[in-house]
Amino acid sequence: MKLRIQNLFLLAAMSFLVQLAVAQTDNGPIRCENIEWLDLWAPHCNDAKLPRVLLIGNSITRQYYDNVEAQLANKAYVARLATSRSLGDPALLDEVALALKQNRFDVIHCSNGLHGFDYSEQVYSAALPALYGLITTQAPQAKLIWAMSTPLRDRDAHYQFATGNDRVKARNRIAADFFANKPVVLNDLYRALEKNPNYFIGGDGTHLTPLGIRAAANRVSDVIAEALGYPTDLVNFPTGYAPIEVGRRLGYHLLSSGHQYADYYRKYGVHYAEVCTWLGALRYAQAVGDNILIDRLQHRFDEFVNTDSQYCPRKDHVDHTMFGCLPLEFFMLTRDQKYSKLGMPYADDQWKLPDNATDEEKAWAKKGYTWQTRLWIDDMFMITIVQSQASHASGNAKYVNRAAKEMLLYLKELQLPNGLFYHAPDVPYIWARGDGWMAAGMAELLRALPADNADRKQILEGYRRMMLTLKDYQYADGMWNELVDEPDFWPETSGTAMYAYAMILGVRNGWLDYDEYAPVARRAWLSLVNYLNSNDDLEEVCMGTGKKNSKQYYYDRPRIVGDFHGQAPILWCAYALLGK
């Protein structure tokens with residue numbers, strides 16, 4: 001009883017100090033807005049099965065509330081207190097006190113800093129202890145999370161920050177300093193949304209787009225889940241983000257999709273990006289035992305081979321030869337020799353010098369490399385995937401061994417000291433999907449290589465060096481940019497998905513430290529799922545891109561919705577997350 005009286009006395013004292021610091025008029029405290037509002041919402045008031053969470057904040061909190069509630073379904077009952085009141089306005093304390101009297105909360109997630117700009121930062125700072133004192137006194141059992149306020153972007157030019165954003169940053173620093181030595185978890189929503197204008201484009205510069213709402217909700221729901229004792233790893237995901245669910249949507253979506261790149265299809269056969277998507281859907285279906293999806297994918301493939309066999313690609317180029325990985329996957333699934341007879345020649349002919357070979361192709365073959373060598377970073381997926389599949393299907397290590405030798409050549413000739421790769425030796429730009437092919441190719445090869453392979457150690461070192469640098473270039477929302485090391489470029493989804501896939505395989509197979517890289521892969525996965533639209537098409541996918549020594553060229557590349565270059569690697573992530 002004595003301790004409670006002391007706490008109440010302390011709270012009253014702090015409230016009095018705040019009153020002294022508040023900007024005043026003759027009629028009382030300044031009201032910073034002509035219309036002040038309060039939105040207090042507390043569902044499941046008579047239920048006691050789950051813990052209770054309270055979100056305190058503003059209109060941004062109200063925006064992401066529904067998503068957070070959905071992502072925490074079956075974990076917590078989520079209430080909200082959204083208000084226009086700012087720290088500095090004593091009415092804020094009254095409103096919070098009202099909410100805390102209604103229910104016992106196990107976690108309180110609080111944000112305040114976008115309203116009340118008529119109050120100085122000195123007033124904001126002076127008012128913070130009173131709010132903290134109120135919460136800790138009225139809800140001593142609750143775990144407190146303080147969320148940094150989200151950025152303000154220019155209303156008319158969303159690629160720029162608004163003039164008031166400096167004040168948001170100043171208030172965030174005040175909060176960070178105040179809570180530094182207190183038992184409070186900081187959730188840096190500012191940093192999570194800072195780098196991507198797409199979270200604000202089309203609005204008023206303050207409020208979030210649907211994409212931004214989902215990104216904010218991911219961060220809020222994850223930090224709350226952790227406070228409730230739920231793991232945020234590569235197994236446990238929020239509602240709507242489970243790989244089994246996302247993979248199913250994408251796998252069946254492929255069945256309703258036609259051939260992309262019609263001109264390419266008629267000239268060269270089925271495009272490698274479609275092959276990659278088909279392979280991803282088939283591996284996913286096997287991972288979850290979805291026999292209906294397997295049957296439908298197999299029927300579609302058989303129908304393609306039987307009626308459109310002229311569109312099976314020729315074995316004359318790495319982009320075409322990789323087609324062999326798909327029938328080999330069907331062979332390993334069914335043991336039907338017709339698939340082996342179709343797939344194995346693609347792997348064999350990649351090292352069989354054609355009669356019309358050029359001098360350069362002959363030179364590569366003489367050194368033991370494939371005559372299709374061209375030292376493009378894309379190759380290290382195209383070559384390794386078909387050779388690895390041939391090794392798995394035949395049990396003959398010669399296929400994976402020669403792919404390993406090829407990989408060492410590419411690493412020696414193309415890998416930069418930091419582990420990344422230029423798009424080409426004469427194009428000094430780190431293009432996301434180009435490096436993605438290398439990342440995924442090394443991961444596929446490491447998965448296929450036996451432990452005693454002589455080249456494995458060097459390939460693993462090259463892979464780890466790349467992953468370490470990629471980790472440092474990932475933004476807080478989980479994305480990587482179109483040019484990886486260019487902070488002003490736009491987030492690109494196909495490259496992000498390929499990096500995530502490589503890291504997921506890394507932590508699953510012990511090539512990477514789980515605690516260090518699993519959070520990186522998780523952030524990427526959550527963000528990628530946010531970029532799936534209502535038709536299950538991935539957005540912000542860079543179109544097929546040749547090399548050009550121009551930074552602007554990469555910035556201006558068109559972005560295609562639902563392109564197989566993006567559909568494929570997010571499917572890879574789905575089955576990799578399932579442990580396959």
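Heavy atoms only: backbone and side chains are in, while hydrogens, waters and symmetry mates are out. Residues: numbered from 1 along the sequence shown.
- Between the side chains of Asp537 and His253, at least one donor N or O lies within less than 3.5 Å of an accepting N or O.
- At most 12 heavy atoms of other shown residues, nucleotides or ligands fall within 6.0 angstrom of atom CZ in Arg191.
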Pair Asp435-Tyr499, side-chain hydrogen bond (donor to acceptor under 3.5 Å, both in side chains): steps then yes or no: CA-CA 8 Å; Asp435 275 43; Tyr499 301 153; 4.7 Å; no
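- Applying the 6.0 Å contact sphere to NZ of Lys182 captures more than 12 heavy atoms from other residues, nucleotides or ligands.
- Listed here is the closest heavy atom pair of Leu228 and Ala76: CD1-CB, 3.8 Å.
- Under a cut-off of 6.0 angstrom, the local environment of CH2 in Trp37 is crowded, with over 12 non-hydrogen atoms contributed by other residues, nucleotides or ligands.
- The closest donor-acceptor contact from the side chain of Arg219 to the backbone of Ala192 lies at 3.5 Å or more, if one exists at all.
- To the nearest 0.5 Å, the span separating CG on Leu131 from SG on Cys110 amounts to 5.0 Å.
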Going through the distances and angles, do Arg80 and Asp39 end up as a salt bridge (charged side-chain N to carboxylate O under 4.0 Å, His left out)? CA-CA 8 Å; Arg80 71 172 182 259; Asp39 173 21; 2.6 Å; yes
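- Of the N and O atoms on the side chains of Ser84 and Glu36, at least one donor lies less than 3.5 Å from an acceptor on the other residue.
- Using modelled atom types, one side-chain atom of Arg171 and one backbone atom of Gly113 make a donor-acceptor pair closer than 3.5 Å.
- Side-chain atoms of Thr232 and Glu226 form a donor-acceptor pair, as typed in the model, at a separation below 3.5 Å.
- Formation of a donor-acceptor pair under 3.5 Å by the Asp166 side chain with backbone atoms of Lys169 is not found in this model.
- Atoms CG and CG, from Leu38 and Leu98 in turn, are 7.0 Å apart once rounded to the nearest 0.5 Å.
- Tested against Asn418 for a side-chain contact (heavy atoms from CB on, under 4.5 Å), the candidates Thr469, Asp472, Leu468 yield a single pass: Thr469.
- Between Arg559 and Glu539, no side-chain nitrogen of the basic residue sits less than 4.0 Å from a carboxylate oxygen of the acidic one, so the salt-bridge criterion is not met.
- When atom types are taken as modelled, the side chain of Tyr132 and the backbone of Phe179 share no donor-acceptor pair closer than 3.5 angstrom.
- Formation of a donor-acceptor pair under 3.5 Å by the Tyr284 side chain with backbone atoms of Ile244 is found in this model.
- The shortest non-hydrogen separation linking Ala574 to Pro243 is O-CB, 3.6 Å.
- Atom CG of Leu55 sits about 5.0 Å away from atom CD1 of Ile224, to the nearest 0.5 Å.
- Between the side chains of Asn112 and Tyr124, no donor-acceptor pair is found at a separation under 3.5 Å.
- Surrounding CZ of Arg248 are at most 12 heavy atoms belonging to other residues, nucleotides or ligands under 6.0 Å away.
- Side-chain atoms of Arg523 never come within 3.5 Å of backbone atoms of Gly478 as a donor-acceptor pair (strictly under, hydrogens ignored).
- Judged by distance alone, with hydrogens and angles left aside, the side-chain atoms of Glu486 form no donor-acceptor pair with the main-chain N or O of Phe489 at under 3.5 Å.
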How far apart are the C-alpha atoms of Asp222 and Arg522, what are their side-chain angles, what is the distance that settles it, and do they pass the salt bridge (charged side-chain N to carboxylate O under 4.0 Å, His left out) test? CA-CA 10 Å; Asp222 260 13; Arg522 178 185 175 87; 2.7 Å; yes
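- With values rounded to the nearest 0.5 angstrom, Glu540 atom CD is found 5.0 Å from Asn198 atom CG.
- Side-chain atoms of Arg62 never come within 3.5 Å of backbone atoms of Ala82 as a donor-acceptor pair (strictly under, hydrogens ignored).
- Judged purely by distance below 3.5 Å, without hydrogens or angles, the side chains of Tyr190 and Asn165 pair a donor atom with an acceptor atom.
- Considering all non-hydrogen atoms of both residues, Ala518 and Leu234 come closest at O-CD2, 3.6 Å.
- Residues Glu444 and Ser388 bring no donor and acceptor atom of their side chains to less than 3.5 Å of each other.
- Using a distance-only test at 3.5 Å, with no hydrogens or angles considered, no donor-acceptor pair links the side chain of Ser221 to the main chain of Val68.
- Partner of Tyr501 under the ring-ring contact (aromatic ring centres under 6.0 Å, His included) criterion, chosen from Phe381, Trp572, Trp437, Trp525: Trp572.
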Show the numbers, then the answer: is there a side-chain contact (heavy atoms from CB on, under 4.5 Å) between Tyr463 and Leu512? CA-CA 10 Å; Tyr463 163 84; Leu512 300 174; 3.3 Å; yes
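- Atom CG of residue Leu578 and atom CD of residue Gln286 lie 12.5 Å apart, to the nearest 0.5 angstrom.
- In this structure, NZ on Lys49 lies 10.5 Å from NE2 on His44, to the nearest 0.5 angstrom.
- The closest donor-acceptor contact from the side chain of Asn481 to the backbone of Val484 lies at 3.5 Å or more, if one exists at all.
- Side-chain atoms of Tyr77 and Asn103 include no donor-acceptor pair closer than 3.5 Å.
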